[in-house]
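For reference, the structure discussed in these notes is given below.
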Amino acid sequence: MSNTETTVSSTSTPGTPDAPDTPAGADGGTPSAAPRRAETDRDAAPQFVLPLVVRLEKTAPPARTDALETAARAVLTLLSDARAQGAGEWAAAVRDWQDARIRKVVRRARGAEWRRAEALPGITVSGGSAEVRVFPPVPLDGWPKELARLQVSGTELDGPEPPAAPGPDGPVLWLSPELEMSAGKAMAQAGHGAQLAWWELSGAERDAWRAAGFPLSVRTADPDHWADLTRSGLPVVRDAGFTEIAPGSCTVVADHPALR
């Protein structure tokens with residue numbers, strides 16, 4: 001996963017102001033969309049980052065699609081956690097993160113590194129073969145040493161076979177067919193897409209998604225479908241261009257049934 005720090009500007013409908021930059025963050029305590037801030041306001045605010053760590057043992061690496069889906073569910077799990085809302089112990093950090101350019105960084109760990117990461121406050125989310133631990137936001141230059149030393153490059157994930165087509169009634173995070181992204185970059189982008197969908201849902205719709213365990217699929221759209229998706233009015237992740245891809249690139253469309 002090379003250079004997995006991303007910041008995104010995100011729009012859900014044409015003509016609306018950009019939401020906080022990339023790693024999309026949301027106020028999980030209210031049913032309304034996250035606050036929209038001017039570009040200069042976000043730049044002036046202290047910068048925070050949401051750390052995600054994927055477990056990557058040498059003998060049993062996770063499948064790429066499973067890692068992407070697990071990362072997206074990890075972001076939703078943190079946003080909906082009581083500690084991230086209201087007067088919860090993580091709530092101030094989440095608010096500070098959302099007030100700036102929202103960033104996510106994906107790192108990898110194995111063995112003792114993973115055990116040290118699990119000892120820090122956070123939430124581990126498991127998929128079929130993937131484990132991803134998400135942590136409350138930290139200052140851009142204030143990473144815990146246990147996480148700062150972890151690698152962010154040099155690893156790619158494969159899929160043993162093409163994933164099945166997603167069901168027609170479930171949430172799908174559609175990846176752009178036009179971009180090449182490392183596994184870590186794609187994990188962060190999937191997290192952004194999930195978060196944008198979360199912002200747009202009502203309180204009841206959020207509760208239902210959480211109660212179901214945040215089911216979702218991550219798939220790459222075919223070119224014709226992608227063109228339709230980006231014009232559909234569904235939430236679109238536009239990358240800020242800090243790593244890997246050009247600024248303004250559309251990376252993900254969040255297709256939740258409640259938003260169609």
Side-chain angles (χ1 to χ4, degrees), residues 6-12 19-37 42 45 47-54 67-106 120-127 130-138 170-173 187-218 234-237 252 254-259:
T6 61
T7 299
V8 63
S9 66
S10 47
T11 56
S12 56
D21 265 24
T22 255
D27 181 356
T30 65
S32 59
R36 311 280 185 178
R37 295 174 61 89
R42 298 202 303 270
Q47 301 295 303
F48 286 75
V49 63
L50 185 78
L52 297 112
V53 175
V54 58
L68 269 57
E69 293 173 348
T70 304
R73 289 192 294 109
V75 171
L76 294 166
T77 300
L78 181 131
L79 291 173
S80 65
D81 192 280
R83 290 167 288 184
Q85 302 174 17
E89 60 187 288
W90 299 343
V94 171
R95 286 193 296 269
D96 288 342
W97 171 55
Q98 293 174 164
D99 282 346
R101 287 190 174 273
I102 302 174
R103 302 169 184 248
K104 294 183 182 72
V105 174
V106 178
L120 298 176
I123 305 169
T124 297
V125 176
S126 298
E131 288 182 82
V132 175
R133 188 163 180 83
V134 60
F135 303 86
V138 298
V172 184
L173 305 174
M187 288 172 68
Q189 297 297 314
H192 302 337
Q195 194 164 352
L196 294 189
W198 180 258
W199 280 356
E200 299 295 333
L201 296 175
S202 69
E205 289 162 347
R206 290 180 180 184
D207 290 345
W209 200 10
R210 180 184 183 186
F214 293 123
L216 57 84
S217 301
V218 178
L234 291 167
V236 178
V237 177
V252 179
D255 182 7
H256 191 288
L259 304 179

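Throughout, residue positions are numbered sequentially from 1 according to the sequence presented. Not measured: the values here are computed from a predicted model.
- Contact of the R206 side chain with the L79 side chain is not registered, since no non-hydrogen atoms from C-beta on lie closer than 4.5 Å.
- Contact of the V252 side chain with the H192 side chain is not registered, since no non-hydrogen atoms from C-beta on lie closer than 4.5 Å.
- Between V132 and A74, the closest heavy-atom pair is CG1-CB, 4.1 Å.
- Across every non-hydrogen atom of A91 and G86, the tightest pair is CB-O, 3.3 Å.
- Annotation for F135 and P121: closest pair CD2-O, 3.2 Å, computed over non-hydrogen atoms.
- Atom CH2 in W198 sits 4.5 Å away from atom CZ in F214 (nearest 0.5 Å).
- A pairwise comparison of heavy atoms in A130 and T70 identifies CB-OG1, 3.7 Å as the closest pair.
- Between V94 and P136 there is no side-chain heavy-atom pair separated by less than 4.5 Å.
- In terms of modelled atom types and a separation under 3.5 Å, the side chain of W209 and the main chain of P215 share a donor-acceptor contact.
- Minimum interatomic distance between A72 and L173 (heavy atoms only, all atoms of both residues): CB-CD1, 3.7 Å.
- Using a 4.5 Å heavy-atom threshold, the side chains of P171 and P257 count as touching.
- You'll find the side chain of E69 reaches within 4.5 Å of the side chain of L216, heavy atoms only.
- A heavy-atom distance below 4.5 Å is found between the side chains of L50 and V75.
- A donor-acceptor contact shorter than 3.5 Å is absent between the side chain of W97 and the backbone of V138.
- In this structure, L76 CG and I123 CD1 are separated by 11.0 Å, a value rounded to the nearest 0.5 Å.
- Remark: E205 CD to H256 NE2 distance equals 7.0 Å, nearest 0.5 Å.
- Using modelled atom types, one side-chain atom of R210 and one backbone atom of S80 make a donor-acceptor pair closer than 3.5 Å.
- For the pair M187/L52, no side-chain contact is recorded, criterion being any heavy-atom separation below 4.5 Å from C-beta on.
- Considering all non-hydrogen atoms of both residues, A254 and A197 come closest at CB-CB, 4.0 Å.
- A distance of 14.0 Å separates CG of L78 from CZ of R73, quoted to the nearest 0.5 Å.
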